[in-house]
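Below is one structure; the comments refer to it alone.
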Number of protein chains: 2
Amino acid sequence: MLKYEESLPLKLLKAREATMNFFRPVLLDISLTEQQWRIIRALAEHKELESKQLADLCCILSPSLTGIISRLEQQGYTQRRRSNEDQRRILISLTEKAETMFKRVTPLLEARYQEITEQYTQENLDLLYELLNKLTQIKPVSEGSKTE
Amino acid sequence: MLKYEESLPLKLLKAREATMNFFRPVLLDISLTEQQWRIIRALAEHKELESKQLADLCCILSPSLTGIISRLEQQGYTQRRRSNEDQRRILISLTEKAETMFKRVTPLLEARYQEITEQYTQENLDLLYELLNKLTQIKPVSEGSKTE
DNA sequence: TAAGGATTCTTCGTATTTGAGCATTAAAAT
DNA sequence: ATTTTAATGCTCAAATACGAAGAATCCTTA
């Protein structure tokens with residue numbers, strides 16, 4: 001029987017916590033939550049995305065996304081419009097204000113990232129990325145355990 | 001500049017999601033949330049724990065723990081008592097009902113774990129554990145970024 | 001072209017996260 | 001024996017997680 005501390009999801013959670021300890025202070029300073037920053041970061045790179053793509057990229061469920069986006073919009077960081085081809089789709093993008101803020105904050109976060117690399121070494125990071133990529137691809141086969 | 005998809009915290013999050021996809025259906029069947037199960041699992045192994053220890057072990061903040069424990073208590077899964085030596089401490093433990101349920105559910109989850117191992121291979125798993133353990137130990141040095 | 005099915009986004013209810021602050025109890029300093 | 005300081009657990013508020021269900025739109029097939 002596997003020990004509690006050996007649980008893989010828990011280990012991943014704790015590892016993530018360890019890394020977030022580097023970034024959290026920065027986000028706290030600019031009054032953005034983790035999820036809000038994930039959205040902004042994804043939009044900064046992809047320019048315009050529909051709601052579902054954003055949800056997949058950022059690992060945020062649709063119901064959560066709705067609220068997050070509307071709050072970001074209230075703060076003047078994002079804007080949205082309906083797609084012309086498909087009226088169901090909502091296209092989301094950053095405002096000028098958000099772009100400016102993004103450029104200002106990025107170096108701070110990259111410095112923290114640098115700090116992680118120094119402590120953990122680049123070799124370990126490379127290896128870890130490879131293993132995580134593989135892990136992310138696994139999928140359960142037996143959809144079962146449904147008692148219907 | 002690092003690409004969005006390369007973010008370490010995000011990668012850890014996605015990897016965790018991938019593994020949780022194996023376990024989630026089981027937890028859904030028994031109507032327990034991830035966090036509730038983490039608590040039960042930790043208590044099953046450590047018998048009796050105080051609130052803070054439980055929070056650290058399960059990676060759950062104290063404010064969250066309060067609610068989770070009281071809901072578990074309502075469902076008859078946990079019980080608590082004050083420590084005799086230190087009246088500040090609350091000691092939490094599982095009920096008979098929880099122990100029974102735990103023994104019944106554990107094999108189901110272990111089967112899923114087995115499935116993960118088969119897809120990912122034991123070698124990768126071992127290596128990943130090692131890297132995650134190292135990563136969990138890193139700590140930010142510059143407490144800074146406080147604008148006071 | 002109307003009915004059925006699928007996709008996208010939203011609303012809803014409950015559970016949890018996260019930072020901040022408060023009350024109680026212990027231990028250390030005066 | 002007080003006062004200070006620290007530790008533990010809790011409350012509060014705003015934001016998010018997550019499963020279920022609803023509304024709008026698009027697609028397919030009869």
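Note that these values count all heavy atoms, side chains included, but never hydrogens, waters or copies made by symmetry. Protein chains get the first letters and strands the later ones, always in sequence-line order, with residue 1 at the start of each.
By the 4.0 Å N-to-carboxylate-O rule, E99(A) lies too far from R104(A) to be salt-bridged with it.
Nucleotide dC18(D) holds its P atom 15 Å from the CG atom of L32(B), rounded to whole Å. Summarising the geometry, the separation between CD on Q87(A) and P on dA6(C) is reported as 23 Å, rounded to the nearest angstrom. In this structure, CG of D86(A) is placed 15 Å from C1' of dT28(D), rounded to the nearest angstrom. Distance, R89(A) CZ to dC26(D) C1': 9 Å, rounded to whole Å. Distance L13(A) CG to dT16(C) P: 14 Å, rounded to the nearest Å. One can place CD of E85(A) at 14 Å from P of dT8(C), the figure rounded to the nearest angstrom. For the pair L27(B) CG and dC18(D) C1', the interatomic distance rounds to 13 Å; values are reported in whole Å. Remark: P of dA15(D) and CZ of R24(A) are 17 Å apart, rounded to the nearest angstrom.
At distances below 3.5 Å, at least one donor-acceptor pair connects side-chain atoms of R16(A) with backbone N or O atoms of P9(B). The closest donor-acceptor contact from the side chain of Q36(A) to the backbone of T33(A) lies under 3.5 Å. Under a 3.5 Å cut-off, the side chain of S83(B) and the backbone N or O of I90(B) do not form any donor-acceptor pair. The backbone N or O of E115(A) sits nowhere less than 3.5 Å from a side-chain atom of Y120(A) that would complete a donor-acceptor pair.
Side-chain contact between Y113(B) and F23(B) is present, with at least one heavy-atom pair separated by less than 4.5 Å.
Taking the side chain of Q36(B) as heavy atoms from C-beta on, and the options dA17(D), dT16(C), dT25(C), the nearest nucleotide is dT16(C). In this structure, the nucleotide among dC9(C), dG9(D), dT25(D) sitting nearest to the side chain of R88(A) is dT25(D).
Cation-pi contact between K97(B) and Y77(B): present, with separation from the ring centre below 6.0 Å and deviation from the ring axis of at most 45°.
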Distance-only donor-acceptor hits, side chain of residues 52-66 of chain B, under 3.5 Å, sequence neighbours excluded:
residue	atom	partner	partner atom	Å
Q53(B)	OE1	E50(B)	N	3.0
T66(B)	OG1	S62(B)	O	3.3

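Near DNA chain D, defined here as any heavy-atom distance below 4.0 Å, the residues from residues 63-71 of chain A are P63(A), S64(A), I68(A), R71(A), listed numerically. DNA chain D lies under 4.0 Å from at least one heavy atom of each of the following residues of residues 54-61 of chain A: I60(A), L61(A).
What you find for R112(B) and F22(B) is that their closest heavy atoms are NH1-O, 2.8 Å.
Residue-to-nucleotide proximity on DNA chain C shows that, of Q75(B) and L28(A), the 5′-proximal contact is made by Q75(B). Mapped onto DNA chain D by nearest heavy atom, T33(A) and R80(B) fall at different nucleotides, with R80(B) at the one closer to the 5' end.
The shortest distance between the side-chain N/O atoms of Q35(A) and the OP1/OP2 oxygens of dA17(D) is below 4.0 Å.
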